Amino acid sequence: MTIIEQGSGDAPQAPDLIKDTTTQSFVRDVIEESKRQPVLIDFWAQWCGPCRQLTPILEKAVRAAGGKVKLVKMNIDEHPAIPGQMGIQSIPAVIAFVDGRPADGFMGAVPESQVNAFIEKLTAGMPGGGPTTPELLQEAEAVLAEGDAATAAAIYGEVLQADPANVEALAGVARCYMQTGEIDKAKQMLEHVPEKRREDAAVKAVQAMIDLAEQAEQVGPIAELEQKVAADPLDHQARFDLATALNAAGRREEATTHLLEIVRRDRKWNDDGARKQLVQFFEAWGATDDATVEGRKRLSTILFS
């Protein structure tokens, strides 16, 4: 653990900003103190290697916050009652208390950038603070939905300045690129997503957008495909390509209708390809999109009627 030199300018703050607590003093040190400013409680143990990695990061971040947040450390071997009551089953575990109640937390030896972002989120509403990360992400989402990709990208950029590994923001910037037709830049942005987070919904949605956009580049013009389908309603490949082109043009309901028609006529065509493509549409559009909700209902009606 980091030790503050008694001769340094930070020494007078050390007893207040960072301290150890016990079962007996927990209410005073954490519950009551959190009614004045946020308090982080770090559950740790001497034998825990990741704890020894995380604690110095926590101490550095708390000092950098300049008194807006305090750090209280509890050795779970010496004081097991509180962590037991709180359901702490693995360490390191950090819980943030605000106004006398647990407000947020994380587990494991996370990187310094994530700790800083966590503290910034807690202190954002205090004097000198700004919007929290969730608030910024929500704002960017709303702006992007209105079609303003440039502004949305700038807001996502604010999040990434505080937390370069924020997956929602990385995926958000990639979506901005997709909205402006810059597929290669969207792909490059997703390369920054850690391998273990590639299955996150936000990331998979953008990857689906990329895959569908690349597919659309390989099919013919909508008018030609419509003529093929009109000439031969059983030309499932032409209908499949038409659905792909329509989706790229933003005509989601029509795209859904054509894929559902293939499913209705021949479920097994191309190894269930029409249904799989429709599921990819849903993933790219998002679970709450009106076209996704309605499309799932229509698909269920065909599959289970």
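Given the structure is predicted, the values throughout are model-derived calculations rather than measurements.
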Side chain to side chain, [X] and [Y], heavy atoms closer than 4.5 Å:
X: Leu58; Y: Leu54; value: yes
X: Ile262; Y: Arg267; value: no
X: Leu170; Y: Asn166; value: no
X: Ile41; Y: Val94; value: no

(request) Ignoring hydrogens and angles, state whether a donor on the side chain of Asp211 or Gln215 is under 3.5 Å from an acceptor on the partner side chain. (result)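 There is no such pair (donor and acceptor under 3.5 Å, judged by atom type) between the side chains of Asp211 and Gln215.
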Could you see if [X] belongs to whatever hydrophobic cluster contains [Y]? Use Ile, Leu, Val, Met, Phe, Trp, Tyr and a side-chain cutoff under 4.5 Å.
X: Leu260; Y: Leu242; result: no
X: Ile95; Y: Leu71; result: no
X: Ile82; Y: Trp44; result: no
X: Trp285; Y: Leu259; result: yes
X: Met189; Y: Met178; result: yes

Would you call [X] and [Y] a salt bridge, taking side-chain N to carboxylate O under 4.0 Å as the test?
X: Glu33; Y: Lys70; value: yes
X: Lys187; Y: Glu182; value: no
X: Arg251; Y: Glu226; value: yes
X: Lys228; Y: Asp241; value: no
X: Arg198; Y: Glu191; value: no
X: Asp289; Y: Arg252; value: yes
X: Arg175; Y: Glu168; value: no

First locate atom [atom1] of [X], then atom [atom2] of [Y], and finally report the distance between them rounded to the nearest 0.5 Å.
X: Thr21; Y: Arg28; atom1: OG1; atom2: CZ; result: 7.0 Å
X: Phe43; Y: Lys73; atom1: CZ; atom2: NZ; result: 14.0 Å
X: Gln37; Y: Leu122; atom1: CD; atom2: CG; result: 11.5 Å
X: Ile302; Y: Arg275; atom1: CD1; atom2: CZ; result: 12.0 Å
X: Met209; Y: Asn247; atom1: CE; atom2: CG; result: 10.0 Å
X: Phe26; Y: Ile31; atom1: CZ; atom2: CD1; result: 4.5 Å

(message) salt bridge (Lys or Arg N to Asp or Glu O under 4.0 Å) for Glu199 and Lys204? Distances and angles first, verdict last.
(response) CA-CA 6 Å; Glu199 293 300 311; Lys204 291 180 69 176; 3.6 Å; yes
(request) Sorted by first residue and then second, give each ring pair (Phe, Tyr, Trp, His ring centres under 6.0 Å) pair with at least one member in residues 145-176; sequence neighbours left out. (result)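 Of all non-adjacent pairs touching residues 145-176, none passes ring pair (Phe, Tyr, Trp, His ring centres under 6.0 Å).
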Take a 6.0 Å sphere around [atom1] of [X] and say whether it holds more than 12 heavy atoms from other residues, nucleotides or ligands.
X: Asp77; atom1: CG; value: yes
X: Gln24; atom1: CD; value: yes
X: Glu253; atom1: CD; value: no

Can you name the nearest heavy-atom pair linking [X] to [Y], along with the distance?
X: Gly172; Y: Leu144; answer: O-CD2, 4.4 Å
X: Asp20; Y: Asp29; answer: O-OD2, 4.0 Å
X: Gly295; Y: Thr256; answer: CA-CG2, 4.1 Å
X: Pro92; Y: Asp42; answer: CB-OD1, 4.5 Å
X: Leu190; Y: Ala174; answer: CD2-CB, 4.0 Å
X: Ala245; Y: Leu225; answer: CB-CD1, 4.1 Å

Within the distance-only criterion (no hydrogens, no angle test), does the side chain of [X] pair as donor or acceptor with the backbone N or O of [Y] below 3.5 angstrom?
X: Asp200; Y: Val203; result: no
X: Thr180; Y: Tyr177; result: yes
X: Arg52; Y: Gln46; result: yes
X: Arg239; Y: Glu261; result: no

(request) Test side chain to side chain contact (heavy atoms under 4.5 Å, CB included) on Asp266 and His236 and set out the steps. (result) CA-CA 9 Å; Asp266 186 358; His236 295 331; 3.7 Å; yes
(request) Report the C-alpha distance between Glu214 and Gln218 in whole Å, list the side-chain angles of each, state the deciding distance to 0.1 Å, and finish with yes or no for side chain to side chain contact (heavy atoms under 4.5 Å, CB included). (result) CA-CA 7 Å; Glu214 291 180 334; Gln218 305 302 316; 6.0 Å; no
(request) Could you check Glu217 against Ile183 for side chain to side chain contact (heavy atoms under 4.5 Å, CB included), going step by step and ending with a plain yes or no? (result) CA-CA 11 Å; Glu217 292 177 347; Ile183 298 176; 3.6 Å; yes
Contacts under 3.5 angstrom, residues 96-115 side chains, donor-acceptor by atom type, not counting sequence neighbours:
residue : atom : partner : partner atom : Å
Asp104  : OD2  : Lys121  : NZ           : 2.7
Glu112  : OE2  : Lys60   : NZ           : 3.1

(request) For the residue pair Phe240 and Trp269, categorise the inter-ring angle as parallel (less than 30°), tilted (30 to 60°) or perpendicular (more than 60°). (result)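 Judged by the thresholds at 30° and 60°, the geometry between Phe240 and Trp269 is tilted.
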(request) Check the pair Leu40, Val69 against side chain to side chain contact (heavy atoms under 4.5 Å, CB included), reporting the backbone distance first and the verdict last. (result) CA-CA 7 Å; Leu40 305 182; Val69 62; 3.9 Å; yes
